[in-house]
*Asks:* 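Submitted below is the structure of interest, expressed as structure tokens.
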Amino acid sequence: MSHVEEFLTAEEEQEIINAIIAAEKNTSGEVRVHIEATSKIDHFSRAQQLFHFLKMDNTKEANGVLIYVAVDDKKFVIYGDKGIDRAVSKGFWDTTKDTMASHFKNGNFKQGIVEGVLTAGKELEAHFPWDHNDTNELSDAISKG
């Protein structure tokens with residue numbers, strides 16, 4: 001079994017998916033989580049690559065947020081598209097990153113990801129409220145590499 005498969009239990013993965021569904025309930029924004037073992041390039045560049053590969057840059061309002069975790073490298077990136085990035089306050093991503101990192105340092109990976117997803121969802125809701133014409137543009141499943 002790979003480190004990626006051992007990183008979260010099936011129950012923890014389902015809790016993260018439930019958090020994604022909850023986070024997206026009141027917003028047109030999209031949140032995805034991607035987990036892989038390691039990256040051959042710097043983690044920010046890898047998150048950008050995955051953002052495009054997962055078609056997160058195709059959302060109507062440029063309001064996708066990717067939480068990328070490289071398990072073996074012990075690194076993660078929160079990557080927001082230009083629409084949400086322009087809308088959030090200056091320190092928003094750093095605050096979210098710090099919250100996640102504090103959970104990760106204690107080995108609470110699932111809780112760190114859930115907190116990141118829900119925090120992003122609240123911010124997306126504030127700037128990109130749900131509209132009756134909105135559709136879920138992207139999968140809520142955790143992608144793995």
Side-chain angles (χ1 to χ4, degrees), residues 1-8 12-131 134-145:
M1 198 190 257
S2 78
H3 292 157
V4 172
E5 294 302 320
E6 295 169 351
F7 184 63
L8 298 166
E12 289 173 326
E13 286 189 19
Q14 189 57 55
E15 286 182 58
I16 292 169
I17 292 167
N18 291 344
I20 293 169
I21 293 166
E24 292 181 350
K25 184 176 181 185
N26 296 310
T27 180
S28 63
E30 297 286 338
V31 181
R32 298 280 321 256
V33 174
H34 182 86
I35 300 169
E36 64 185 15
T38 188
S39 176
K40 291 180 174 39
I41 59 176
D42 76 272
H43 297 91
F44 185 81
S45 296
R46 180 64 177 145
Q48 284 180 306
Q49 221 177 39
L50 287 163
F51 196 86
H52 178 70
F53 178 76
L54 295 170
K55 303 199 180 325
M56 294 187 71
D57 50 0
N58 291 343
T59 60
K60 186 169 60 174
E61 298 186 72
N63 57 0
V65 176
L66 173 65
I67 295 176
Y68 165 72
V69 180
V71 177
D72 293 347
D73 298 343
K74 295 181 173 34
K75 301 282 185 183
F76 72 97
V77 174
I78 307 166
Y79 187 85
D81 205 348
K82 57 186 171 279
I84 184 65
D85 211 29
R86 277 193 300 260
V88 298
S89 62
K90 192 174 189 313
F92 173 74
W93 296 120
D94 290 332
T95 304
T96 307
K97 179 183 70 105
D98 293 345
T99 299
M100 289 179 64
S102 69
H103 285 290
F104 284 11
K105 283 178 187 156
N106 293 321
N108 300 324
F109 302 109
K110 183 266 309 178
Q111 193 56 42
I113 295 170
V114 165
E115 294 281 335
V117 166
L118 294 176
T119 302
K122 284 181 193 148
E123 199 71 13
L124 285 165
E125 181 181 351
H127 301 287
F128 302 95
W130 184 82
D131 177 289
D134 287 335
T135 57
N136 190 5
E137 298 176 80
L138 301 171
S139 170
D140 296 331
I142 296 170
S143 60
K144 295 179 182 173

*Asks:* Please report the closest heavy-atom contact between Ile35 and Val71, naming both atoms and the distance.
*Replies:*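 Shortest heavy-atom separation between Ile35 and Val71 comes out as CG2-CG2, 3.5 Å.
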
*Asks:* Using the side-chain hydrogen bond (donor to acceptor under 3.5 Å, both in side chains) criterion, which residues pair with Glu125? Sequence neighbours excluded.
*Replies:*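 For Glu125 there are no side-chain hydrogen bond (donor to acceptor under 3.5 Å, both in side chains) partners, ignoring immediate neighbours.
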
*Asks:* If you round to the nearest 0.5 Å, how far is CG of Leu66 from OH of Tyr79?
*Replies:*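 It comes to 9.5 Å.
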
*Asks:* In Å, rounded to the nearest 0.5 Å, how long is the span from CD of Glu24 to CH2 of Trp130?
*Replies:*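 Reported to 0.5 Å precision, the distance equals 13.0 Å.
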
*Asks:* Report yes or no: does Glu61 contribute a side-chain atom to a donor-acceptor pair with the main-chain N or O of Gly29 at less than 3.5 Å?
*Replies:*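 Such a contact is absent between Glu61 side chain and Gly29 backbone.
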
*Asks:* Which heavy atom in Ser102 sits nearest to a heavy atom in Asn106, and how many Å separate them?
*Replies:*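 Looking at all heavy atoms of both residues, the closest pair is O-ND2, 3.2 Å.
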
*Asks:* Compare every heavy atom of Ala120 with every heavy atom of Val65, then report the nearest pair and how far apart it is.
*Replies:*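 Distance-wise, the nearest heavy atoms are CG1-CB, 4.1 Å.
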
*Asks:* Walk me through whether Glu123 and Thr96 qualify under side chain to side chain contact (heavy atoms under 4.5 Å, CB included).
*Replies:* CA-CA 11 Å; Glu123 199 71 13; Thr96 307; over 6 Å; no

*Asks:* Is it the case that more than 12 heavy atoms not belonging to Lys75 sit under 6.0 Å from its NZ atom?
*Replies:*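 Not buried by this count: 12 neighbours or fewer within 6.0 Å.
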
*Asks:* Going by distance alone, is a donor N or O of one side chain under 3.5 Å from an acceptor N or O of the other, for Glu30 and Thr59?
*Replies:*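 No, because no side-chain N or O of Glu30 sits under 3.5 Å from a partner of the opposite role on Thr59.
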
*Asks:* Only one of Ile113, Ile16, Ile67 forms a side chain to side chain contact (heavy atoms under 4.5 Å, CB included) with Ile142, so which one is it?
*Replies:*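 Testing Ile142 for a side chain to side chain contact (heavy atoms under 4.5 Å, CB included) against Ile113, Ile16, Ile67 leaves exactly one candidate, Ile16.
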
*Asks:* Not counting sequence neighbours, list each pair that qualifies as a salt bridge (charged side-chain N to carboxylate O under 4.0 Å, His left out) and has a residue in residues 99-111.
*Replies:*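 Pairs touching residues 99-111 that pass the test: Glu15-Lys110.
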
*Asks:* Exactly one of Glu13, Glu36, Glu6 should register a salt bridge (charged side-chain N to carboxylate O under 4.0 Å, His left out) with Lys144. Which one does?
*Replies:*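 In the set Glu13, Glu36, Glu6, the residue that makes a salt bridge (charged side-chain N to carboxylate O under 4.0 Å, His left out) with Lys144 is Glu13.
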
*Asks:* Roughly how far, to the nearest 0.5 Å, is the NE2 atom of His127 from the OG atom of Ser89?
*Replies:*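 Answer for the OG-NE2 pair, Ser89 versus His127, is 7.0 Å.
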
*Asks:* On a heavy-atom basis, which atom in Ala47 and which in Val77 lie closest, and how many Å separate them?
*Replies:*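 Taking every non-hydrogen atom into account, CB-CG1, 3.7 Å.
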
*Asks:* Show your reasoning for whether side chain to side chain contact (heavy atoms under 4.5 Å, CB included) applies to Lys97 and Asp94.
*Replies:* CA-CA 5 Å; Lys97 179 183 70 105; Asp94 290 332; 4.2 Å; yes

*Asks:* What are the two closest non-hydrogen atoms of Met56 and Asp81, and how far apart are they?
*Replies:*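 Taking every non-hydrogen atom into account, O-OD2, 3.7 Å.
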
*Asks:* Thr119 side chain to Gly116 main-chain N or O, any donor-acceptor pair under 3.5 Å?
*Replies:*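 Checked: no pair found.
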
*Asks:* First locate atom CD1 of Ile78, then atom CE of Met100, and finally report the distance between them rounded to the nearest 0.5 Å.
*Replies:*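 Rounded to the nearest 0.5 Å, the CD1-CE separation comes to 5.0 Å.
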
*Asks:* At what distance, to the nearest 0.5 angstrom, does NZ of Lys122 lie from CZ of Phe92?
*Replies:*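 Between atom NZ of Lys122 and atom CZ of Phe92 there are 9.5 Å.
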
*Asks:* With rounding to the nearest 0.5 angstrom, report the CZ to NE2 distance, Arg46 to His34.
*Replies:*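 Here the rounded value is 5.5 Å.
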
*Asks:* What closest approach, in Å, do Arg32 and Ala141 show between heavy atoms, and which atom pair accounts for it?
*Replies:*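 Shortest heavy-atom separation between Arg32 and Ala141 comes out as NH2-O, 3.4 Å.
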
*Asks:* Picking from Trp93, Phe7, Tyr68, Phe104, what satisfies ring pair (Phe, Tyr, Trp, His ring centres under 6.0 Å) with Phe76?
*Replies:*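 Answer after filtering Trp93, Phe7, Tyr68, Phe104: Phe104.
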
*Asks:* Could you work out, with side chain to side chain contact (heavy atoms under 4.5 Å, CB included) as the rule, every residue matching Thr38, not counting sequence neighbours?
*Replies:*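 Result, side chain to side chain contact (heavy atoms under 4.5 Å, CB included) vs Thr38: Asp73.
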
*Asks:* Under a 3.5 Å distance rule, please check whether Thr27 uses its side chain to pair with a backbone N or O of Gly121 as donor and acceptor.
*Replies:*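 Such a contact is absent between Thr27 side chain and Gly121 backbone.
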
